[in-house]
Amino acid sequence: MVADPTAAVLPGYAERGRTPGSRAASVSGMWDHEEADAFIETLFAKHHNEIYAYLVRMLREPELAADLTQDAFVKAYKNYETLEKAENARAWLYQIAHRVALDEIRRRKIIRFFPWSGESRGASPSAEHVVMDAHLSGDMQRALARIPERQRAALLLAEVHDLTGVELAAALGVSHVAARALLTRARESLRQALAAEQAAEAEAEAAKTAPSRSAENHR
Amino acid sequence: MTRAQRLRRRRPDHSGATHERARNLSAEQLDGVLEPTDLAWLDEHLASCEACTAAATAYEADRMALRGLHEFEMAPPRDLWARTAAAIEHEGRGRRAATRQTAAPRSLRPKPALGVLSGVAVIAVVVGASVISGGWLNSPATALAPESPTPPPVAAASPAATPRSTPMAVGAGDVRWLDTTADGALAFNVTDIGEVCKQDHQPDCAPVSGGHSTHVELAVRPKSISQSPVRNQAVVVGSDGSGNDSVVVVVLPTSGPATAPPPTVGPGSTPTDVPSNPPTASPTPGGTATSEPTTEPTATPTLEPTERPSGTPEPTVAGTLAIVSGVKVVGETASYSPDGGWFAFTARSSDGTTGPDIYVWRAGDGTAQAMTDDHASVFSSWYDGRLIGSRAPGLDLADEVAPESFLMDQRTGASAPLVAALWRPVVGPHGRWAVSWDGTVKLGADGVTPVPAAGSLVLHRFSEDGDIQANGVLATFADDVVGDVDVRWDETGNWLAVWLGDANDPSIGRLSLYRVDRTSGDLDQAKGAPQEVIAQSGFSIGKGRLAWATPPGQGGEGSRVQIVAWSDDGVGAVESGPVEDVVLIH
């Protein structure tokens, strides 16, 4: 028997030599709440930071992201028996978080991604926003916000959260081929959106400087 | 043929579709390996299409911008677990009532601080599971036959039948290695080892997790990796696919603790002495390195780390610098100088027409320089800021000769002979003791590289001007060295590991760990220290740890990284799960 490295951090799995799915089935259809508690607690300890970060990046609202992180873990607890293998726990958790994010976006029709530039649109930036700004240019942030949310999710999960191809497919709830195709489309969408943002920015810059030049010429 | 390929075939090859295909392939290339035909087509197209080249560049730039987000942590509210636990508790009560569970539910304990939770995870990694690994302890080396390698450690039987021993805490430190993940990518692993299990008990440490694992790309297939003692930089000896070796300098991915990322994360360290477009050195027949400009591939992190704990800093984009290519690197002695300013190794011509010479690379230079041109010299170790080399003069005239060793100033090339006729003395960090081959040497299997012939591998007192017998032999490790020898001291000079290569398979050998009394030179085989365990070539020793890889097991199971660590309390061990193509970083 080969030790499962993931099992090493999920109390109960290796000890009992069972996966979550098999454990659920073994209790006459009723899953073990103690194990579920321990499992979610450990899962939270290990992954809550990255799930929270993903939700912040998707929704751009830290407080909302915190609420949704909580929702995601409660859903994970409720759907504990659907996790078949302990080693898939991370992708499974992302899948739940991804659905939570999309549901929220649809529900609230959040188009509040655009006030990322911090200069002319929206209110004062959050702490995360400020930190994010230091790492992503304003036009990149706005470009990222412009692309469809599933494409944005694919890019974030693959590039920022380092999901493998298989994990990405699981998190997005699509086939491996579809996930790769989505990622390819996302790259092109981002490229075009970024070009559009840069063009708009150049145009705005030109408009700003034009009056002053004209004033100088008058002098 | 895939659906995409069929569609692609049916698609008329007008200009728009061609450019779209090029962009798609450029994007796909970032997420995996293209089929050779697609790759060739793409290369050809990009060579003549500026717009598509710009798109491909933009994809890569966008990707790197996004990956830059790895480097900072978003801290969730401190009460998030308390809120979540309460919500789960609420949910659980409802479900328990619904399922009429009779067992008393375990109460979730709201945690006041997330830092505590991180601690939970750390402990869970070490002791949370009761899967017992036999490791090398349960499979002592009895025979070193390539066709019957040591069975890899097998996870134990019922934990209930084996009482758990108390893990032993050891000083902070990590073990690093490269391996190949299931999808064929190269992963850089950093695993913190804070606890091990004493070996006078039933070993009960769960296999260590992969720790911080990051996919990396290298232009060579790594065979040996030496990390700088002062920089986050390593020298990789690897094969370049054409049967030749290259020696490249890479910047290692920055890494953080497995579960507790730093509160603030700045940009990763950026190499200051690795040119982005460095020249490559090619050894000439005369043994010198010449520079020719070339563009080396960039070591970029790829998409898929095997497991990346949340918020852990990611690798910086690192340049690679080929300091020598088109050679065969000889032996296992390549190493950084203790101050990290120099790296020395031995290489011979790749076609086997000439024997080995000593090469030295000064950190920050574009190329390595050949320090000898007699094609009969090998690098042995560092001593007092200089290198020690050994040579075997006259092997073209006799089957066996007495070797000689010399001290060389790598800055000037000036050398002075050592009095004792030693072969490859490996001097400890205090300069007092050395392990050397005391005997004759002959030509090895490749027909050009000297190897030990008749004599003994001994520990002896070292001095520049003393005869070995006069200096005194303190211990003999082997009288019948038939393969390569790799001897390494830890930084304290108190511990010494000796690896003796197998005659038939240079990739495996027997590894032993000794404690050396710094005053008397007495050897001690500490309780629990590995003795003649079968190990792949290339182990690491330092920071109170010895790490090596077991050979791949039967049944397709990979190697395991075995780690022995010591403290004042004794020696303990722990091992990794199965790993493929592992190369320890030393």
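Chain naming here is simple, since letters A, B, ... match the order of the sequence lines and numbering starts at 1 in each.
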In terms of ring plane angle, is the pair A/Phe39 and A/Tyr80 parallel, tilted or perpendicular, where the classes change at 30° and 60°?
-> tilted
Going by the angle between their ring planes, with limits at 30° and 60°, are A/Phe44 and B/Trp81 parallel, tilted or perpendicular?
-> tilted
Where does B/Ala61 contact chain A at under 4.5 Å (heavy atoms): side chain, backbone, both or neither?
-> neither
[X] and [Y] ion-paired at < 4.0 Å:
{"X": "B/Glu28", "Y": "B/Arg23", "value": "no"}
{"X": "A/Glu201", "Y": "A/Arg142", "value": "yes"}
{"X": "A/Glu188", "Y": "A/Arg191", "value": "yes"}

In terms of heavy-atom pairs under 4.5 Å, which option from A/Ala65, A/Ala186, A/Ala66 contacts chain B the most?
-> A/Ala66
Does any heavy atom of chain B fall under 4.5 Å from the side chain of [X], the backbone, both, or neither of them?
{"X": "A/Leu194", "value": "side chain"}
{"X": "A/Thr69", "value": "side chain"}
{"X": "A/Asp71", "value": "neither"}

